[in-house]
Amino acid sequence: MTKSSGWILCASTACVGAAIAHGAEPAVPVYDAVYQVEYKGRNLGSSEFKVTRDETQNSYEFTSTTTAKGILARFAAPNPTIETSRFTVVAGRIRPVEYSYKDGSRKGGDDRNVKFDWNRHVATVSDKDGRREVAIDDVSLDPGSLHVALMQDLILNGKPGQYRIADADQAKTYGFEDNGLAQTDTGLGKLATHSYIQHREGSSRTTYLWVAPQLNYLPARIETRKDNEVQTSLTLMSVEGIDKR
């Protein structure tokens with residue numbers, strides 16, 4: 001991963017705005033962040049979120065790798081759970097190319113792959129239920145590139161955009177509700193954050209995010225809740241590539 005500070009400056013709102021004014025694509029923050037993962041208050045392991053750029057292909061890749069420990073690691077998820085999204089930036093918009101998910105189990109029953117065909121505006125989903133096509137539009141993403149698109153929209157516009165995730169049998173809408181300002185405890189100390197509540201169409205689960213403006217809106221904490229009970233939480237422990245401003 002490139003650790004130079006040049007892209008950090010371009011990730012600021014002022015520099016991104018200048019890049020757009022001169023016809024350049026807005027910068028995508030490149031970073032490597034590690035989170036502590038808990039399930040119902042118990043330490044589950046760690047998760048690494050990483051964004052890299054392929055200069056030769058003019059593309060980016062988001063990867064999250066979650067490694068469980070203890071009993072869960074031995075039985076339910078003996079392998080890392082890996083989520084990978086390869087994407088480009090077209091006219092300032094994140095455009096996914098391919099997404100893959102490895103569930104970490106021995107059989108990989110929930111593994112899936114999504115390939116995007118922007119000429120035909122369809123995504124081909126392959127999983128345990130077979131292979132099928134899902135219609136997509138200009139705001140369609142995958143679960144991995146959603147993380148990047150949210151950070152970029154917050155950098156550029158100060159608020160989330162409109163997103164649909166190409167998954168399963170249809171592109172499902174993801175909406176964000178402003179939940180106000182907060183101080184959030186992390187491995188970097190207490191950070192000033194802005195909280196959002198993420199709703200997914202047709203889901204009984206809700207995701208709460210606390211993003212840190214001083215870290216280019218990188219999530220400082222993520223909670224998945226069901227019936228208002230916290231199921232899984234990720235707390236930021238360290239980050240490289242983004243200077244704390």
Gln162 and Tyr174: side chain donor to acceptor below 3.5 Å:
no

SB check Arg132 Asp127 (cutoff 4.0 Å)
yes

If hydrophobic residues (ILVMFWY) are linked whenever their side-chain heavy atoms come closer than 4.5 Å, directly or via other members, who joins Trp210 in its cluster?
Ile197, Tyr208

Pairing of Asp138 and Arg95 as salt bridge, 4.0 angstrom limit
yes

Can Leu215 and Leu188 be said to form a side-chain contact (heavy atoms from CB on, under 4.5 Å), step by step?
CA-CA 11 Å; Leu215 296 176; Leu188 303 176; 4.0 Å; yes

Distance col, row Phe87:CZ vs Ser145:OG, nearest 0.5 angstrom, shows 7.0 Å

For His194, enumerate each residue passing the ring-ring contact (aromatic ring centres under 6.0 Å, His included) test, keeping only those at least two apart in sequence or located in another chain.
Tyr196

Please output the side-chain donor-acceptor pairs of residues 225-238 that fall under 3.5 Å, not counting sequence neighbours, one pair per line with the distance.
| from | atom 1 | to | atom 2 | distance (Å) |
| --- | --- | --- | --- | --- |
| Arg225 | NE | Glu223 | OE1 | 3.0 |
| Arg225 | NH2 | Glu223 | OE1 | 2.7 |
| Thr235 | OG1 | Arg221 | NH1 | 2.6 |

Between Asp153 and Lys159 (salt bridge meaning N to carboxylate O under 4.0 Å), is one present in this structure?
no

Does this structure show an ion pair linking Lys102 with Glu83, if we count only N-O contacts that are shorter than 4.0 Å?
no

Walk me through whether Arg53 and Asn58 qualify under side-chain hydrogen bond (donor to acceptor under 3.5 Å, both in side chains).
CA-CA 7 Å; Arg53 183 178 182 185; Asn58 195 27; 2.9 Å; yes

For the residue pair Trp118 and Phe116, categorise the inter-ring angle as parallel (less than 30°), tilted (30 to 60°) or perpendicular (more than 60°).
parallel

Looking only at side-chain N and O atoms, does Asp103 offer a donor or acceptor that is under 3.5 Å from a partner on Thr81?
no

Answer whether the closest heavy-atom distance between the side chains of Asp117 and Thr124 falls below 4.5 Å.
no

Sequence neighbours left out, what passes side-chain contact (heavy atoms from CB on, under 4.5 Å) with Ala149? Give chain and number order.
Ile94, Leu141, Tyr163

Partners of Glu98 by side-chain contact (heavy atoms from CB on, under 4.5 Å), sequence neighbours excluded?
Arg86, Asn113, Lys115

Salt-bridge criterion met for Asp110 and Lys128 (N-O under 4.0 Å):
yes

Only pairs under 3.5 Å count here: list side-chain donor-acceptor contacts from residues 39-49, not counting sequence neighbours, and write none if there are none.
| from | atom 1 | to | atom 2 | distance (Å) |
| --- | --- | --- | --- | --- |
| Asn43 | OD1 | Gly45 | N | 3.2 |
| Ser47 | OG | Thr66 | OG1 | 2.9 |

